[in-house]
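See below for the structure under consideration.
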Amino acid sequence: MNNEQLIINNAVDKAVLADYITMLSDNSMILGHRLSELCGHGPSLETDIALTNISLDLFGQVRMYLQYAAQLKDEETTEDTLAFLRYPNQYRNVLLVEQPNTDFAYIIARQFFFDAYHALLLEELKQSTDETIRAIATKSLKEVSYHQRFSSEWLKRLGDGTDISHEKMQAAVDHLYPYISELCEASPLELEMQATGIGANLAQLKAAYFERVNSVLEEATLTIPENKWTQSGGKKGIHTEHLGYILADFQYMQRVYPGMEW
Amino acid sequence: MKKQWPIWEVFIRSKNGLEHRHVGSLHAADATMAMENARDVYTRRSEGVSIWVVESKHIVASNPSESGELFEPAKDKVYRHPTFYNLPDELKHM
Amino acid sequence: MQNIAALEQEFESKIERGISIEPKDWMPEKYRKTHIRQISQHAHSEIVGMLPEGNWITRAPSLRRKVALLAKVQDEAGHGLYLYSAAETLGISRDELFEQLHSGKAKYSSIFNYPTLSWADMGAIGWLVDGAAIINQVMLTRTSYGPYARAMVRICKEESFHQRQGYEIMLTLSKGTPEQKQMAQDSLNRWWWPSLMMFGPTDAESTHTAQSMKWKIKLKTNDELRQQFVDITVPQAEILGLTIPDPDLKWNEEREQYDFGAIDWEEFWQVVKGHGPCNKERIAARKNAFEGGAWVREAAIAHAEKKAARTELKKAV
């Protein structure tokens, strides 16, 4: 999306709106980063290419969001200063997306849990009162519908496949399930944006989300974990240990060679 | 050697109005995956609007050693081509 | 039934007349083997080649650079896939080809055994390594084996952005701060000679050249291609304001080509034999991906079989 074409929303406090958009981009950015680590290491060439496609879609979304957010901010702010030059506690992605690529089952489970939420979120954002967000959501939803199809298919394949794959898939689901509640827990910023009609109503997504997740898990012959204890904090900037390492890589060039054009 | 994903042939229609053309092959465990892999591998640069995939083993191919009997006989049937017929140059719309 | 001599004569005459050889056509066993070796070597180079650049995807300095690099490395996976498919038409499976790579039986381009130490290496690889590869690949679009030539046509079309991507990185660095310019020069210093080695041993030393030329697997010799690369690249370095690390490099008025210094062939052979700086890491990474992914590939087959059986059962009921 071209910078010039962005339609600036004047109805709300620009700083708050920019903050919300940056937050929206963070999940795509960190998950896109995790997937980009896999390029060249996938279980088959075809799968390698597919995962990279998802990563590229997510980074494409990040760029659209951050170019918009940068326009709402001051002259010095760019997509790259927003992406690379925040402190760790200023990234507000959910803990789920920063979880490591432990094995292919984890990669698929993480993707599936996020995709199911992401598609519902974008459906909501297509109704946003903010025109640019609406445009980004409409474009992104097509991509994410495919991501969801890809990850659901693989979840079923691995759940149903062999004893080994079933066991690995179940282990990944058990491990990641506690992290998914955070997706639908609205932070104060999200509540504020929901009230203006710009942001999504996460509480409303929750039922549909869990229904979707649980039904695919069932179809994949996997057991829904019983323990209801959940993990959260990312939306408040309180992350797992993984984020520090992610940012050490992600911000490396900008930190070692500050203030240069690349 | 362990069992491998079978080979599939991929055909893509680049835009409506054109035929599907063979673009290459890939590996996939089943038809669903073959379709997804074809999309991910062969349409990254907006190459297509429609995909066909078929498992390679289902393709029946002519045998090159029979090329003579299959294709040679058509070569001397020049009367199937418009240039065979001698007509005056001033004749129009034909 | 034709005898072998007649088949061979017909085959040679086809090559002579520039008629492509297709998978089901009769071909001498040696032609088939040579092709399996060359196409798979090329395929291996693509996928091993993903690793040195893949290294920097997570550390790319801007979002724009990141998506470009990611798309580029992904293309290399695609190119590997097209080439393995071409090799498979000669009656060998992708898994067998992987086994040959992992055991060290099959070779790949020695350049990928060098480390990527700075962001500028993404520029130098795109500019020099892809530049050298393109020269080879354009020639191969007219090679005699149909599936190989078609894969190369597709690859060349897709590769056209790779070298531009690399050169743009170099250009930005060379116009940047002194640190950035230094980074670019350092990178050129490290990648120049290995890039020249990419064209393989000199014609006098090359064991396969004569046969490959006769069968139109190759249309130009290693030395001809190498010279072509030097002549194209020197002016490009001048635009960047960078110095090629060769004191003997100078324009030869008479030949209308550049003269250049002697290549360290001892280094070349050592790297080919597995003693380069990263040979072990590269093979280990590929092996890891393949072996670590075995359970995934098996599960997909098991699921496909179960699904097919369930469909059959439904039909029966």
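A, B, ... follow the sequence lines: proteins, then strands. Residue 1 opens every chain.
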Using non-hydrogen atoms and a 4.5 Å limit, figure out which bit of [X] sits close to chain C: side chain, backbone, both or neither.
X: Y252(A); answer: side chain
X: Q254(A); answer: side chain
X: L51(A); answer: neither
X: Q251(A); answer: neither
X: A105(A); answer: both
X: D163(A); answer: neither
X: D48(A); answer: side chain
X: F84(A); answer: side chain

Measuring heavy-atom distances to chain A, does [X] have an atom under 4.5 Å in its side chain, in its backbone, in both, or in neither?
X: R65(C); answer: side chain
X: L81(C); answer: both
X: L70(C); answer: both
X: T58(C); answer: both
X: E179(C); answer: side chain

Among the options [options], pick out the one with the most heavy-atom pairs lying under 4.5 Å from chain C.
options: T47(A), T162(A), L38(A); answer: T162(A)
options: H41(A), H33(A), M260(A); answer: M260(A)
options: L56(A), L66(A), I164(A); answer: L56(A)

Looking only at heavy atoms, what is the nearest atom pair of [X] and [Y], with distance?
X: E261(A); Y: T172(C); result: O-CG2, 3.9 Å
X: R297(C); Y: S44(A); result: CD-CB, 4.4 Å
X: L45(A); Y: G80(C); result: CD1-C, 4.2 Å
X: A289(C); Y: G40(A); result: CB-O, 4.5 Å

Subject >> Heavy-atom donor-acceptor pair, R157(A) side chain to A304(C) backbone, under 3.5 Å >> reply: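 Judged by distance alone, no pair lies under 3.5 Å.
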**OP:** Give a yes or no answer on whether the side chain of R63(A) reaches the backbone of L63(C) with a donor-acceptor pair at less than 3.5 Å.
**Re:**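 Side chain of R63(A) to backbone of L63(C), a donor-acceptor pair under 3.5 Å: no, none is there.
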To the nearest 0.5 angstrom, please state how far the [atom1] atom of [X] sits from the [atom2] atom of [Y].
X: M253(A); Y: W56(C); atom1: CE; atom2: CH2; answer: 5.5 Å
X: H303(C); Y: S165(A); atom1: NE2; atom2: OG; answer: 10.0 Å
X: C39(A); Y: N55(C); atom1: SG; atom2: CG; answer: 11.5 Å
X: R64(C); Y: T78(A); atom1: CZ; atom2: OG1; answer: 13.0 Å
X: T52(A); Y: I57(C); atom1: OG1; atom2: CD1; answer: 7.0 Å

Would you say [X] has more than 12 foreign heavy atoms packed within less than 6.0 Å of its [atom1]?
X: R59(C); atom1: CZ; result: yes
X: K157(C); atom1: NZ; result: no
X: K107(C); atom1: NZ; result: yes

Original post:
Among P61(C), A71(C), G49(C), which has the most heavy-atom pairs under 4.5 Å with chain A?
Top reply: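 Among the listed options, the one with the most contacts to chain A is P61(C).
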Original post:
What residue in G78(C), A302(C), S62(C) has the most heavy-atom pairs under 4.5 Å with chain A?
Top reply: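 Most heavy-atom pairs under 4.5 Å with chain A: S62(C).
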Subject >> Interface residues of residues 90-97 of chain A facing chain C - heavy atom cut-off under 4.5 Å >> reply: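 Hits under 4.5 Å: none found.
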Subject >> Verdict with supporting geometry, R310(C) and D160(A), side-chain contact (heavy atoms from CB on, under 4.5 Å) >> reply: CA-CA 12 Å; R310(C) 284 195 290 262; D160(A) 177 58; 3.4 Å; yes
**OP:** Please determine if E298(C) and K168(A) form a salt bridge, counting it only when a charged side-chain N lies under 4.0 Å from a carboxylate O.
**Re:**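 Between K168(A) and E298(C) there is no salt bridge, as every charged N stays at least 4.0 Å from the carboxylate O atoms.
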Original post:
How far apart are the C-alpha atoms of E79(A) and K66(C), what are their side-chain angles, what is the distance that settles it, and do they pass the salt bridge (charged side-chain N to carboxylate O under 4.0 Å, His left out) test?
Top reply: CA-CA 13 Å; E79(A) 56 169 349; K66(C) 189 184 290 284; over 6 Å; no
